Amino acid sequence: MATAETSEKLPGVPKTWPGGFGTYKYSKAAVMVNLAVFFGFMAINWASSSVINALTGGHHATTIALSVLLSLLLTAFFMVANAKVLLAGIDRKTVKFEEVFKESGEQIWEMLLLLVLQAFIVTASLLLFVIPFFFVVPRLALASYYLVDKKISAVDALKASWNQSKGHSAKVWGIVGVFFSLVLLMITIIGIPFAIYFFFMYSAAMPVLYRFVSSSPKQAQVVSS
């Protein structure tokens, strides 16, 4: 993927940030490029989660631990897969399901480590002081995309997200705000199908922000591990 180019040259990346709601059209365009592959992974994710819940149901400590471990591995795998599919869509590149599946397995352990580190950092910031939580979360929000796109370690991905997202926290919260509004839309029965549709089509909003931030010539170069 041509991440070294500027946002003006990258297809599907806005030249100026359009805001949370304005990002929708870029996200939808990215999702549509590999729509079948994207929904394929979403369907397998849902089915796999259902199977794990059915097989590991119970209150025994071992069963609970196994369920948590399998769920984390599943989450890590599909986070890598979705990032690959959506980033390719932003670049207007088509991908094959089997290729993404294979490549995702190669980065699953780094993504799992990233999830653990993020959880620890975010929890610590929330327990120590509430206010820092709102500054820490957006600075780590792009870490998974740096990990997948740059093929760097979990620690380097956290550093890259922290350094390069400086000054973009409001953009992250803007995207979170849109997702929150979609949750509110689901309160009414008639709004559920619309919310589900927009949830899927807005899935690439954070990857779009990643491309916008990482393609900026003003950002520091990410050092590969």
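What you see is a predicted model; the values in this text were computed from it and never measured.
Between Phe199 and Ile196 the shortest side-chain heavy-atom distance does not fall below 4.5 Å. Using a 4.5 Å heavy-atom cutoff, the side chains of Lys171 and Phe212 are in contact. Between Ile108 and Val80 the shortest side-chain heavy-atom distance does not fall below 4.5 Å. By the 4.5 Å heavy-atom criterion applied to side chains, Phe97 and Val85 are not counted as neighbours.
The hydrophobic side chain of Val116 is isolated, with no ILVMFWY side chain under 4.5 Å apart from it.
Between the side chain of Ser153 and the backbone N or O of Asp156 there is at least one donor-acceptor pair closer than 3.5 Å. A donor-acceptor pair under 3.5 Å is absent between the side-chain atoms of Asp149 and the main chain of Tyr145, judged by distance alone.
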Under 3.5 Å, side-chain donor or acceptor atoms of residues 178-187 against the rest of the protein: list the pairs with distances, not counting sequence neighbours.
from   : atom 1 : to     : atom 2 : distance (Å)
Ser181 : OG     : Val178 : O      : 2.5

Please table the atom pairs, donor to acceptor, closer than 3.5 Å between any side-chain atom in residues 28-47 and protein atoms at least two apart or in another chain.
from  : atom 1 : to     : atom 2 : distance (Å)
Lys28 : NZ     : Tyr197 : OH     : 3.3
Asn34 : OD1    : Val95  : N      : 2.8
Asn34 : ND2    : Lys93  : O      : 3.0

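Between Ala157 and Ala143, the closest heavy-atom pair is CB-O, 3.4 Å. Between Val172 and Ala141, the shortest heavy-atom contact is CG1-CB, 3.9 Å. The two residues Ser203 and Ser27 make their nearest non-hydrogen contact at N-OG, 3.5 Å. Residues Ala154 and Leu117 approach most closely at CB-CD1, 4.3 Å, considering heavy atoms.
Within a 6.0 Å sphere centred on CZ of Phe101, heavy atoms belonging to other residues, nucleotides or ligands number 12 at most.
For Glu99, there are no salt bridge (Lys or Arg N to Asp or Glu O under 4.0 Å) partners, not counting sequence neighbours. Applying the side chain to side chain contact (heavy atoms under 4.5 Å, CB included) criterion to Ser144, with sequence neighbours excluded, gives Met79, Met111, Leu114. Shown here are the side chain to side chain contact (heavy atoms under 4.5 Å, CB included) partners of Pro18, two or more places apart in sequence or in another chain: Pro14, Thr23, Tyr26.
Rounding to the nearest 0.5 Å places NZ of Lys15 at 12.5 Å from OG of Ser215. In this structure, OG in Ser125 is found 10.5 Å from CZ in Phe120, a value given to the nearest 0.5 Å. Within the model, atoms OG of Ser48 and CZ of Phe78 stand 4.5 Å from one another, a figure rounded to the nearest 0.5 Å. Note: Ile152 CD1 to Gln107 CD = 10.0 Å, rounded to the nearest 0.5 Å. In this structure, the separation between NZ on Lys159 and CD on Gln164 is 13.5 Å, given to the nearest 0.5 Å. To the nearest 0.5 Å, the span separating CZ on Arg211 from CE on Met206 amounts to 15.0 Å.
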Exercise for the section: Might you work through the side chain to side chain contact (heavy atoms under 4.5 Å, CB included) test for Leu112 and Trp109, ending with a clear yes or no? Expected result: CA-CA 5 Å; Leu112 180 61; Trp109 295 110; 3.8 Å; yes
Practice task
Report the C-alpha separation of Leu209 and Trp17 in whole Å, then their side-chain angles, then the decisive distance to 0.1 Å, and conclude whether the side chain to side chain contact (heavy atoms under 4.5 Å, CB included) test is met.
Solution key: CA-CA 8 Å; Leu209 177 58; Trp17 189 246; 3.6 Å; yes
Exercise for the section: List the steps, then state whether side chain to side chain contact (heavy atoms under 4.5 Å, CB included) holds for Arg139 with Ser169. Expected result: CA-CA 6 Å; Arg139 297 289 295 276; Ser169 295; 3.9 Å; yes
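Results of the side-chain contact (heavy atoms from CB on, under 4.5 Å) test with Leu142 over Pro207, Ser161, Ser214 single out Ser161 as the only residue that passes.
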